Number of protein chains: 2
Amino acid sequence: MIINKVRETIKKNNLVNGGDKIILGVSGGPDSICMLHILNYLKDEFNIKIYAAHLNHKIRGIEAQKDAMYVAKICDIMRVPCFIRAIDVPAYCKEKGVSLEEGARTLRYNMFFEIKDKIGADKIAIAQNINDQAETVIMRMMRGTGLQGLKGIQYKREDGIIRPLLDVDRAYIEEYCEQNNLNPRIDQTNLEEIYTRNKIRLKLIPYMVENFNPNLKESIARMTNLLKDDSDFIMEQLNKSFDEICSKISDNTISIDIDQFTNTHKALKNRIIRKCINFVLGNIEGIEQKNIQDVNDLINSDKNNIRIDLPKGILVYKKNGKILFTDEEIIEEKISYNYIIPKSGYIKIKESNTIVESKILNIDEYDKSSNDKYIKFFDADKIKGSLNIRNRRNGDKIKLLGLGGSKKIKDLFIDLKIPKEERDLIPILSDEKGIIWVIGHRMSEDYKIDSNTNNILRISFKAL
Amino acid sequence: MIINKVRETIKKNNLVNGGDKIILGVSGGPDSICMLHILNYLKDEFNIKIYAAHLNHKIRGIEAQKDAMYVAKICDIMRVPCFIRAIDVPAYCKEKGVSLEEGARTLRYNMFFEIKDKIGADKIAIAQNINDQAETVIMRMMRGTGLQGLKGIQYKREDGIIRPLLDVDRAYIEEYCEQNNLNPRIDQTNLEEIYTRNKIRLKLIPYMVENFNPNLKESIARMTNLLKDDSDFIMEQLNKSFDEICSKISDNTISIDIDQFTNTHKALKNRIIRKCINFVLGNIEGIEQKNIQDVNDLINSDKNNIRIDLPKGILVYKKNGKILFTDEEIIEEKISYNYIIPKSGYIKIKESNTIVESKILNIDEYDKSSNDKYIKFFDADKIKGSLNIRNRRNGDKIKLLGLGGSKKIKDLFIDLKIPKEERDLIPILSDEKGIIWVIGHRMSEDYKIDSNTNNILRISFKAL
């Protein structure tokens, strides 16, 4: 009966393909021993080859040794090739500063994937059961999670992990081990996370089953399957949106188009931000919901050309209608140009995409009535040295027409409400004394035409 | 502090608009009395008008009476207009065969909506709190649910229900009632569902809080908010898909395009089927996951022109690349036609969109070599009475060329593997004795040209 269940799970979820080589994680406990025995029975039917892998974690010296010997022996009896490796997990954990539980898991999975590469295996089978599923989902729910967490343990992961026992109740696993005289090892571990899980397993779930739903595990398993479909759907939609509104600038820089982002559904927004951070960092460890909210706030704020810093060295810039995620400071390339203008002739200013025409006129040719803010007249004799068209420099000042004293160009731009990012693009006409004309905006008092003027300089600007 | 929380909840979720008339459901218990007191305090700030509504359910005679009197009195003190109605809920439940809990809820909400219509109110405020939220989600999870269930109680529903206390802990509500000497009534009800909820409230949640997460309620509330966004997103996508692949045929009939459905994401498929059933029934009560699966199986099967019956009188037809949901039997309009053919001339058969040409030839003009399956020659003198082109009739038989005895047309069609839905479209040439030619397929022995033939009937078929 349990074999039928496993067969069904494998078929329904396409866990194996004919010809697959599969590494079984075998701790020696009832779950993994049951899985080993059943897959050994089913291997011809599915046309798969199976291998066992065991980590002697050295956490409890003699007991860990006995676990390894038991696994070696049962594999030998079943004629299943078996890889056993001994690693001093407590030493590793001390060095890395991680919990025994976490260290053992990391090393165990590292080992599985190493063996998978070495023997060219296709899958790694892990013996989690329907009780583990219910415990995991209830634990995550109690601690706070989202759709991703509620979908629980997966039957099949993209990296090759499969879980053929995920529909089976632990009680049947234990019964199966007994009926087949497998005498699995009972884990004596009492690590803290295991302890939490034991309370869920031995206290919480039995209380729920007794008082609320005798089929609790099955109900939760059904829920996780529905939520997995929902989660997959949202991920599919997320990837579409992400491709549409995000642009990879370099290996460590990605941008979001703010307008498109704003029109995206709320459910996708945080996921897009997380995906951008993941693009830069390679993971999103250490990034909290609060950080994601900070990015949302940055996007929604009226401010422009600002930057916020997230943990792990992530820099988030807002500029020119984009949000940029990067781990390197963006040094603004200062736009800088300077053209010498003939007293009479044409010159093209590529930075502002315009043509400047200059001309010396006789006083009689001067047309006072011109109102064009891109055509201006100056006293040609008041100009000293070369005539230049350039962008602003630090310290630039102008003696404004009609205003006593001079004003900083920076303050002028602020008064004129010119956005920061445009200020370097505005062309300025100058000579060696100072600024003649902030083109399109204001002229200097010093070069104006008066009753003594004989020669007139006419400057005109035309967009290309 | 609790007032700030309520204010925040109202603002963050846009629960009220200036000028709203709001009916408060007031049972007299701590939650609803606290809500009444706080909204009365906030009414000017939000520019809303509040009204109280209380149902005297008569479940526990004297106690229910006291509840009503208490609500009337406190509303009077606060100068809040109060609607009190007495309904014999136990009698109603007996008549309808529903539980007291269910009956009371139905009648209470009916009353709220009636008052809302009567006074032209905008909202109905219900006093559920963050504990109710956690209890509801945990209960649903234990009983088995999907995304829809896990998103929990909503702050705001489209029908006008709002829940301004949903972020507030019950402990603060009780404290608030005490501090303000409100002396709320304590519900003595011990209905079964309340009993289940009491176990969650008094046993399960305290155990979880103590052993797994001191901020359990807040964690669950955060989860429901995330899941609500996800659920909303999926519903938005569902509605788009539904509009694309479903067509409303009439008020009680809707169809799904099978090809488009097949290309839809798994997460949407079941939801589309449920939405179709809801379209026909007006609700999906009594429809189980198994019924939805049956429709999926129907869609995936190779069979065509079949029907399955779901509960509540829903009929699901599969035909012509569509799935039809309806509650009325679809009576096939039998295609039936019969044209009298001149011995020599043309006639158009609109049902098969063809032109038939008939011609009497001399034996010398007979071209035996013709291989066209739509041009055939018969002994004109063997034909009795009028010559007809028609579709099949029950009992039609043909004496096939080369086969002793006659064969039913129905069996012939089966042998020829002609799909059921095409059989009525195939034109048949007949005279008053019987069938001459199943056009495009087989001829009768009885009309064949032999050594005695003098006059030949040539019939040709041409597609228009």
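Letters A, B, ... are given to chains in the order of the sequence lines, protein chains preceding strands, and every chain is numbered from 1. Not measured: the values here are computed from a predicted model.
For A:I200, the parts sitting under 4.5 Å from any heavy atom of chain B are the backbone and the side chain alike. For A:E236, the part sitting under 4.5 Å from any heavy atom of chain B is the side chain, from C-beta outward, and nothing else. In this structure, chain A has a heavy atom under 4.5 Å from the side chain of B:L227, while its backbone stays farther away. When heavy atoms are compared at a cutoff of 4.5 Å, A:D232 approaches chain B by way of both its backbone and its side chain.
Counting non-hydrogen atoms of other residues, nucleotides and ligands closer than 6.0 Å to OH of A:Y172 gives a total of 12 or fewer. The environment of NZ in B:K5 is sparse: at most 12 heavy-atom neighbours from other residues, nucleotides or ligands sit within 6.0 Å.
Relative to the ring axis of B:F212, A:K199 places its NZ or CZ within 45° and under 6.0 Å from the centre.
Side-chain contact check for B:L147 versus A:L226: every heavy-atom pair is 4.5 Å or farther apart. Taking 4.5 Å as the limit, some side-chain heavy atom of A:I234 sits within range of a side-chain heavy atom of B:I234. When side chains are defined from C-beta on, A:M223 counts as touching B:L150, because their heavy atoms get closer than 4.5 Å.
Closest of all the heavy-atom pairs between B:G144 and A:S219 is CA-CB, 3.7 Å.
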(request) Please assess A:M141 against B:I138 for the test side chain to side chain contact (heavy atoms under 4.5 Å, CB included), listing each intermediate value before the final yes or no. (result) CA-CA 9 Å; A:M141 187 211 61; B:I138 291 172; 4.0 Å; yes

(request) Please step through side chain to side chain contact (heavy atoms under 4.5 Å, CB included) for the pair B:K203 and A:N211, ending with a clear verdict. (result) CA-CA 11 Å; B:K203 292 257 175 89; A:N211 288 282; over 6 Å; no

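How far CZ of B:R143 is from CD1 of A:I220: 13.5 Å, rounded to the nearest 0.5 Å. Between A:F233 atom CZ and B:D230 atom CG the span is 11.5 Å, to the nearest 0.5 Å. Within the model, atoms OH of B:Y207 and CG of A:L204 stand 6.5 Å from one another, a figure rounded to the nearest 0.5 Å.
For chain B, the option among A:L216, A:N215, A:V137 with the highest count of heavy-atom pairs below 4.5 Å is A:L216.
Under a 4.0 Å N-O distance rule, the pair A:D229/B:R271 does not qualify as a salt bridge.
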